[in-house]
**Q** 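Pasting a structure below so you can have a look.
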Amino acid sequence: MGPVVEEGDGPIILAFPHVGTGVPPEVAARLNAEGRVLRDTDWHIHRLYAGLIPGLTTVRATQSRYVIDLNRDPEGVSLYPGQATTGLIPDTTFDNVPIWEVPPGPADVARWLMAVHRPYHASLAAQVARVRARHGVAVVYDCHSIRSRCPWLFDGVLPDLNIGTNGGVTCAPELEAAVCRVAAASGRTWVLNGRFKGGWTTRHHGRPEAGVHAIQMELAQASHLEAEAPPFALDPARAAELRRTLTEILATLADLAPRQAHA
C-alpha cells in the first residue's frame, strides 16, 4: 500500500502521486461503475520518465487517487479557491461525474491519511533529506498528466506542457526559466503557472531558501496517449517524441542544480 521508492545518486527526485491504480477491496465495493474506471489516473507517466537521465530518484504511489489524493492538502484546504477542483478524497471525476455508490466520510479520510497520504509524503521527505545531504540541493520534479479537455476544470484545450511553481515561490528563478526555455524550444504548447500552478507536493516540499526546489509538470494526455479514454493506451510514437523533450528538461535541471546548492 505504501509508495515504491528507487534511490538514485543525482540531485533530482521524480514524484508520481497519481499513477497508482491500487484500490483496497473496502473502497472498491463503494465505488460506482464510473469510479471503478479510475479515469483520472495519471496513466503511464512513470513509463514516460523511466530512465531519461542517470541518477534519478523516484517516489511512486501505488494507490489510486480515489482512495486519497496525495497531491491535496491533508487539512482539506482547496489549492485553487474559487475554482472547480476535486478534494482530498474526490467526490467526482474531473468531468464532475459522481464516482461513489456509498460516499466516504470523515472516518475514511482519517484512515487513508494515516495509511497512504502520510507514508507517501514521509517517503518523499526522506528522499529530499538524503539527496540534499549528498548534493547540498534537491530538486523535486512532480510528474502529472490530465486529459486535454476537461470543461468542468478549464475552458478549451490544455497546453501540452503545464509548468507549475506556485507563482515562482517553490523553486529558484533560474530553474523555472530553464524549464520554460526548453518548453519554448520544443515547439510544443506550454504555459507557466496557468490553470495548474502546482499542488500540495510542490507547495509543501518546495523550500528554495533551504535548498529544496519543486516544480510541477502537468502533461496533457493527448501528448502521449492513443486516446484520452479507456483503455488509456500509451502511443509509442507520441511517447518517444515527448520523452526527448522531457529528457532535455531533466538534464537541464540536473546541470543547473549544483549552482543552487546550500552548505
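Because only heavy atoms are used, hydrogens play no part in the values below, and waters and symmetry mates are left out as well, while side chains stay in. Small disclaimer: the values here were computed from a predicted structure and weren't measured.
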**Q** One pair to check against side-chain contact (heavy atoms from CB on, under 4.5 Å): Arg207 and His213. What are the steps and the verdict?
**A** CA-CA 6 Å; Arg207 297 289 182 270; His213 305 265; over 6 Å; no
**Q** Surrounding CD of Glu174 (heavy atoms of other residues, nucleotides or ligands, distance under 6.0 Å), is the total greater than 12?
**A** yes
**Q** For a quick test of reading the model, state the closest non-hydrogen atom pair linking Pro151 to Asp95 and the distance between them.
**A**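 Where Pro151 meets Asp95 most closely, the heavy atoms are CD-OD1, 4.4 Å.
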**Q** Report yes if the side chains of Glu6 and Gln127 come closer than 4.5 Å at any heavy-atom pair, otherwise no.
**A**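 No. Closest side-chain heavy atoms not under 4.5 Å.
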**Q** Do side-chain atoms of Asn71 reach the backbone of Thr201 as a donor and acceptor pair under 3.5 angstrom?
**A**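 Side chain of Asn71 to backbone of Thr201, a donor-acceptor pair under 3.5 Å: yes, one is there.
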**Q** Check for me whether Arg65 meets the cation-pi criterion with Phe16, that is, NZ or CZ under 6.0 Å from the six-membered ring centre and within 45 degrees of the ring axis.
**A**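 So Arg65 doesn't make the cation-pi contact.
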**Q** Taking all non-hydrogen atoms of both residues, which atom of Val67 and which atom of Val23 are closest, and how far apart?
**A** CG2-CA, 4.2 Å
**Q** Is there a side-chain contact between Asp160 and Trp190 (heavy atoms, below 4.5 Å)?
**A** no
**Q** For Thr93, does its backbone N or O pair with a side-chain atom of Trp152 as donor and acceptor, under 3.5 Å?
**A**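 Here the side-chain-to-backbone pair does not exist.
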**Q** May I ask you to decide if Gly199's main-chain N or O and Gln216's side chain share a donor-acceptor pair within less than 3.5 Å?
**A**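 Present.
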**Q** Evaluate Arg238 against Glu226 for side-chain contact (heavy atoms from CB on, under 4.5 Å), listing each step before the verdict.
**A** CA-CA 8 Å; Arg238 290 177 181 174; Glu226 290 182 357; 5.7 Å; no
**Q** From Arg244 CZ over to Glu248 CD, what is the distance, rounded to the nearest 0.5 angstrom?
**A**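 Result: 11.5 Å between the selected atoms.
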**Q** Do Leu14 and Phe196 sit in the same hydrophobic cluster, where Ile, Leu, Val, Met, Phe, Trp and Tyr count as joined when their side-chain heavy atoms come under 4.5 Å apart?
**A**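 Each belongs to a different hydrophobic cluster.
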**Q** May I have the step-by-step check of ring pair (Phe, Tyr, Trp, His ring centres under 6.0 Å) for His224 and His44, ending in yes or no?
**A** CA-CA 9 Å; His224 55 278; His44 309 295; 8.0 Å; no
**Q** Do Gln221 and Ser148 have a side chain donor and acceptor closer than 3.5 Å?
**A** no
**Q** Could you give me the CA-CA distance, side-chain angles and deciding distance for Glu101 and Leu31, then say whether side-chain contact (heavy atoms from CB on, under 4.5 Å) is met?
**A** CA-CA 5 Å; Glu101 291 285 356; Leu31 288 168; over 6 Å; no
**Q** Any heavy-atom pair between the side chains of Tyr120 and Val5 that's under 4.5 Å?
**A**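 No, every pair of side-chain atoms sits at 4.5 Å or beyond.
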**Q** Treating Ile, Leu, Val, Met, Phe, Trp and Tyr as nodes and any side-chain heavy-atom pair under 4.5 angstrom as an edge, say whether Leu38 and Leu153 lie in one connected cluster.
**A**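 Different clusters.
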**Q** Specify the closest pair of heavy atoms between Tyr66 and Arg39, including all atoms of both residues, with the distance to one decimal.
**A** OH-N, 3.7 Å
**Q** Could you grab the distance from atom CG of Leu175 to atom CG of Leu256, nearest 0.5 Å is fine?
**A** 6.0 Å
**Q** Looking only at non-hydrogen atoms, find the nearest pair between Ser186 and Leu161 and report the distance.
**A**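 Closest pair (atom of Ser186, atom of Leu161, distance): OG-CD1, 4.1 Å.
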**Q** Provide the closest heavy-atom pair for Pro3 versus Pro119 in the form atom of the first, atom of the second, distance.
**A**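 The answer is CG-O, 4.2 Å.
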**Q** What I want to check is whether the side chains of His46 and Arg60 have a donor and an acceptor closer together than 3.5 Å.
**A**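 Arg60 and His46 do not have a side-chain donor-acceptor pair below 3.5 Å.
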**Q** Can you check whether Gly105's main-chain N or O pairs, donor with acceptor, with Asp108's side chain at less than 3.5 Å?
**A**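 A pair under 3.5 Å: yes.
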**Q** Evaluate the criterion side-chain contact (heavy atoms from CB on, under 4.5 Å) for residue pair Leu113 and Leu88; output intermediate values, then yes/no.
**A** CA-CA 9 Å; Leu113 273 174; Leu88 189 54; 4.1 Å; yes
**Q** Keeping Asp42 on the side-chain end and Ser145 on the backbone end, is there a donor-acceptor pair under 3.5 Å?
**A**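 Yes, Asp42 side chain to Ser145 backbone: donor-acceptor pair under 3.5 Å.
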**Q** So does Asp40 pair up with Arg147, basic N to acidic O under 4.0 Å?
**A**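 Looking at Arg147 together with Asp40, the answer is yes, because their closest N to O distance falls below 4.0 Å.
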**Q** Any carboxylate oxygen within less than 4.0 angstrom of a Lys/Arg side-chain nitrogen, looking at Arg111 and Glu26?
**A** yes
**Q** Rounded to the nearest 0.5 Å, what's the gap from CD1 on Ile53 to CG on Leu246? Could you check?
**A**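 Answer for the CD1-CG pair, Ile53 versus Leu246, is 11.0 Å.
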**Q** Should the pair Trp200 and His204 be assigned to parallel (<30°), tilted (30 to 60°) or perpendicular (>60°) ring geometry?
**A**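 Correct class here is parallel.
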**Q** What orientation do Trp43 and Phe232 show, parallel under 30°, tilted 30 to 60°, or perpendicular over 60°?
**A** parallel
**Q** Within a strict 4.5 Å, meaning less than it, do heavy atoms of the Ile215 and Glu176 side chains meet?
**A**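 Heavy-atom side-chain distance check fails, nothing below 4.5 Å.
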**Q** Applying the 4.5 Å side-chain criterion to the ILVMFWY set and letting contacts propagate, would Ile146 and Met217 be lumped into a single cluster?
**A**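 The answer is no; the residues belong to distinct hydrophobic clusters.
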**Q** Out of curiosity, Ile12 CD1 to Leu253 CG, how far, rounded to the nearest 0.5 Å?
**A**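 Ile12 CD1 to Leu253 CG: 5.0 Å, rounded to 0.5 Å.
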**Q** Is the backbone N or O of Pro159 less than 3.5 Å from a side-chain atom of Asn162, with the two atoms forming a donor-acceptor pair by type?
**A** yes
**Q** Does the side chain of Arg130 come under 3.5 Å of the side chain of Thr57 through a donor N or O and an acceptor N or O?
**A**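 Their side chains do contain a donor-acceptor pair, which is all the 3.5 Å distance test asks for.
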**Q** Decide if atom CZ of Arg30 counts as having more than 12 heavy atoms of other residues, nucleotides or ligands within a radius under 6.0 Å.
**A**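 More than 12 within 6.0 Å, yes.
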**Q** Counting only N and O atoms by type, is there a donor-acceptor contact under 3.5 Å from the side chain of Ser64 to the main-chain atoms of Gly22?
**A**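 No: the side chain of Ser64 does not pair with the backbone of Gly22.
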**Q** Mind checking side chain to side chain contact (heavy atoms under 4.5 Å, CB included) for Ala115 and listing every partner two or more places apart, or none if nothing turns up?
**A**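 Scan of Ala115 (side chain to side chain contact (heavy atoms under 4.5 Å, CB included), adjacent residues dropped) gives Met1, Trp112.
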**Q** Using only heavy-atom distances, determine whether the side chains of Thr202 and Asn166 contain a donor-acceptor pair under 3.5 Å.
**A** no
**Q** Is there side-chain contact between Ser78 and Thr85, with at least one heavy-atom pair below 4.5 Å?
**A**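 In contact.
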**Q** Thr86 and Arg72: side-chain donor and acceptor closer than 3.5 Å?
**A** yes
**Q** Starting from Ile45, can I reach Phe94 by hopping between I/L/V/M/F/W/Y residues whose side chains sit under 4.5 Å apart?
**A**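 As far as the 4.5 Å side-chain criterion goes, Ile45 and Phe94 are not connected within one cluster.
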**Q** What I'd like to find out is whether the side chain of Asp235 reaches to under 4.5 Å of the side chain of Leu225, using heavy atoms alone.
**A** no
**Q** Which value, rounded to the nearest 0.5 Å, describes the distance between Leu56 atom CG and Thr58 atom OG1?
**A** 8.0 Å
**Q** Are side-chain heavy atoms of Arg47 and Leu234 found at a separation under 4.5 Å?
**A**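 Yes, close enough: below the 4.5 Å cut-off.
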**Q** Taking Arg203 for its side chain and Leu79 for its backbone only, find out whether a donor-acceptor pair lies under 3.5 Å.
**A**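 A pair under 3.5 Å: yes.
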**Q** Answer yes or no: is there a side-chain heavy-atom contact under 4.5 Å between Val139 and Ile13?
**A**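 A side-chain contact under 4.5 Å is absent here.
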**Q** Strictly distance-based, threshold 3.5 Å: is any side-chain N or O of Arg243 a donor or acceptor partner for the main-chain N or O of Leu48?
**A** yes
**Q** Taking atom CG of Asp69 and atom CD of Gln63, what is their separation to the nearest 0.5 Å?
**A**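 Asp69 CG to Gln63 CD: 13.0 Å, rounded to 0.5 Å.
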**Q** Would you name the heavy atoms of Glu34 and Asn32 that are closest together and state the gap between them?
**A** N-OD1, 3.1 Å
**Q** Check for me, please, whether Val169 and Leu192 land in the same ILVMFWY cluster - side-chain distances under 4.5 Å, paths through other members count.
**A**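 Shared cluster, no.
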**Q** Would the distance check show the side chain of Glu228 and the main-chain N or O of Ala222 forming a donor-acceptor pair, the cut-off being under 3.5 Å?
**A** yes
